[in-house]
J.: 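If you scroll down you'll find the structure; I have some questions about it.
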Amino acid sequence: MTSDLNNDLCDRLNSLREQGLYRELRRINSPQLPHTQVDGRTLLNFSSNDYLGLANDPVLKEAAVKGIERYGAGSGASRLVCGSLAPHHELEQAIAAFKGAEAALAFSSGYVSAVGTICALLDAHDVIVIDKRVHACIVDGARLCGAELRVFAHNDLDHLAKALRWADRRNSGLSGKRRPRTLIVTESVFSMDGDFALLRDLVDLKEKHGAWLMVDEAHATGLYGEKRRGLAEEFGIAGQIEVQMGTLGKALGSAGGYICGSRTLIDYLVNRARSFIFSTAPVPAAVAAATAAVQLIQSDEGELRRNQLWARVDQVKNGLIAAGFVLPPVRSAIIPLVVGDEAKAVEAAAVLREQGVLIPAIRYPTVARGQARLRLTVSAAHSAADAGQLVAVLSTLKSKI
Ligand SMILES: *Cc1c(COP(=O)(O)O)cnc(C)c1O
């Protein structure tokens, strides 16, 4: 029996290999740092989402240790049973205050925040409209919730407006126990391109059509806005977004995800979000570290880190532009070097590794076929020398990228 399974899976894996889509794990023998230990070598790491250099910060580590000492290694149960520990409540209060929202809810990851929330809000009665380039967790939530799914071309407002007009016609023709709803979901900073959603236009459109808006700030929390709340703050429209989401695992340097919005939204999710209800509460270490990160980001140290990050991003971008690379104009910690062909991207990543730089190739299904790229990410923890070395290596490899 097992050989039948294995034979079948071997065929499938071989097919992935032939398409240049085979993936494997690379063991990292050090904390998340600009210089990482990989297979006995030290590589200059430009692939982490630890944008503010918090993952290995002593303040977060100490908070995690204290969380363990006070509340243990495990949380023991789901939140609604007996796992809703004081640190979870502290984290949620801290996130709500940071984001200027009425309330927040912590999940064990950003992925399950999206899936659980979308499925709690919508069912087959409703419509969900998503940008073509949203993260897999939004796509999966959209499919799983059973709502009518419409995908609009990336940042294409005309296409979105068309989908909303369709949804209005569809919804007004439906009767039932409750009014059918339309939810628009987008990222604020897109994870694989580093570009921005047109948030102000999205708000105008959703208000015009009476739709709801959910925005995933995974790559913006801690980086944009006067209070570093995210791109919605920067664009001045946070108060008009019904559902704000983010992860605690990127700029916040720990693990977990969150939703914030009205108190009613959070009370509803506690009752209806299955990925929240039917899962053991996040461990005290992660939650305590995340709370420390939320506080650090709001302090002068948070502003300092953000300034360091932008200084490094500008240094890398200016260096690459001088070397002839064509880069997106927006300021983001994510800099895509689009190669196109999957095998070519894998080859470029291998050459970079030989030269001591870690930037993995990102391929289908993370990005569209033929859109394979090196996804270069910058952190506040990188030094000017790190950035200089990166630019020097990439400049010599320009012909391969
Ligand atoms: C990473 C990511 C997530 C998932 O967050 P995790 O906490 O890693 O599960 C969600 N949305 C976007 C846009 C992401 O990049």
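Both ligands and their constituent atoms are indexed starting at 1 by order of listing.
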J.: Between G110 and ligand 1, does any nitrogen or oxygen pair lie at a separation below 3.5 Å?
T.: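 For ligand 1, there is an N or O atom that lies under 3.5 Å from one belonging to G110.
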
J.: Does N14 form a side-chain hydrogen bond (donor to acceptor under 3.5 Å, both in side chains) with Y22? I'd like the steps, not just the answer.
T.: CA-CA 8 Å; N14 283 335; Y22 186 76; over 6 Å; no

J.: Could you measure the distance from the CD atom of Q240 to the NZ atom of K206? Nearest 0.5 Å is fine.
T.: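 Those atoms lie 6.5 Å apart.
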
J.: Going by the order shown, which atoms of ligand 1 are within less than 4.0 Å of some heavy atom of T247?
T.: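 The atoms of ligand 1 under 4.0 Å from a heavy atom of T247 are 5 (O), 6 (P), 7 (O).
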
J.: Does ligand 1 have any atom sitting under 4.0 Å from a heavy atom of A255?
T.: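 The answer is no, since A255 has no heavy atom less than 4.0 Å from ligand 1.
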
J.: Taking the basic N atoms (NZ, or NE/NH1/NH2) and the acidic carboxylate oxygens, is any pair closer than 4.0 Å for D267 and R263?
T.: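 A salt bridge is present here (some side-chain N lies under 4.0 Å from a carboxylate O).
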
J.: Only heavy atoms of D216, strictly under 4.0 Å: list the atoms of ligand 1 that pass.
T.: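 Answer, ordered by atom number: 10 (C), 11 (N), 12 (C), 13 (C).
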
J.: In plain terms, say whether R133 and D193 are close enough for a salt bridge, that is, a side-chain N and a carboxylate O under 4.0 Å apart.
T.: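 Looking at D193 together with R133, the answer is yes, because their closest N to O distance falls below 4.0 Å.
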
J.: Report, in ascending order of atom number, the atoms of ligand 1 lying under 4.0 Å from any heavy atom of C137.
T.: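 Every atom of ligand 1 under 4.0 Å from some heavy atom of C137: 10 (C), 11 (N).
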
J.: Which is it for T182 and R150 under the side-chain hydrogen bond (donor to acceptor under 3.5 Å, both in side chains) test, yes or no, and what are the steps along the way?
T.: CA-CA 10 Å; T182 300; R150 285 290 182 276; over 6 Å; no

J.: Should G249 be listed as contacting ligand 1, given a heavy-atom distance under 4.0 Å as the test?
T.: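 Not so, G249 does not reach ligand 1.
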
J.: Taking the six-membered ring of F325 as reference, does the cationic atom of K398 (NZ for Lys, CZ for Arg) lie under 6.0 Å from its centre and within 45° of its axis?
T.: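 Yes, K398 and F325 form such a contact.
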
J.: Check each of R272, R178, R181 against D123 using the salt bridge (Lys or Arg N to Asp or Glu O under 4.0 Å) test, and report the only one that passes.
T.: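 For D123, the salt bridge (Lys or Arg N to Asp or Glu O under 4.0 Å) test succeeds with only one of R272, R178, R181, which is R178.
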
J.: In terms of ring plane angle, is the pair Y224 and W310 parallel, tilted or perpendicular, where the classes change at 30° and 60°?
T.: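 Tilted: the ring planes of Y224 and W310 meet at 30° to 60°.
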
J.: Relative to the heavy atoms of A218, which atoms of ligand 1 are at a distance of less than 4.0 Å?
T.: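 Answer for ligand 1: 11 (N), 12 (C), 13 (C), 14 (C), 15 (O).
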
J.: With heavy atoms of G256 as the reference, note each atom of ligand 1 found under 4.0 Å away.
T.: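 This gives 7 (O) as the contact atoms.
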
J.: Identify the closest protein heavy atom to atom 4 (C) of ligand 1: which residue and atom is it, and at what distance?
T.: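 Answer, as residue, atom name and distance: Y111 N, 3.5 Å.
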
J.: Kindly identify the option in M192, K250, E187, E217 whose heavy atom sits closest to atom 14 (C) of ligand 1.
T.: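 The residue whose heavy atom sits nearest atom 14 (C) of ligand 1 is K250.
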
J.: Heavy-atom distances under 4.0 Å are what count here, so tell me which part of S191 touches ligand 1: side chain, backbone, both or neither.
T.: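 For S191, the contact with ligand 1 is made by the side chain alone.
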
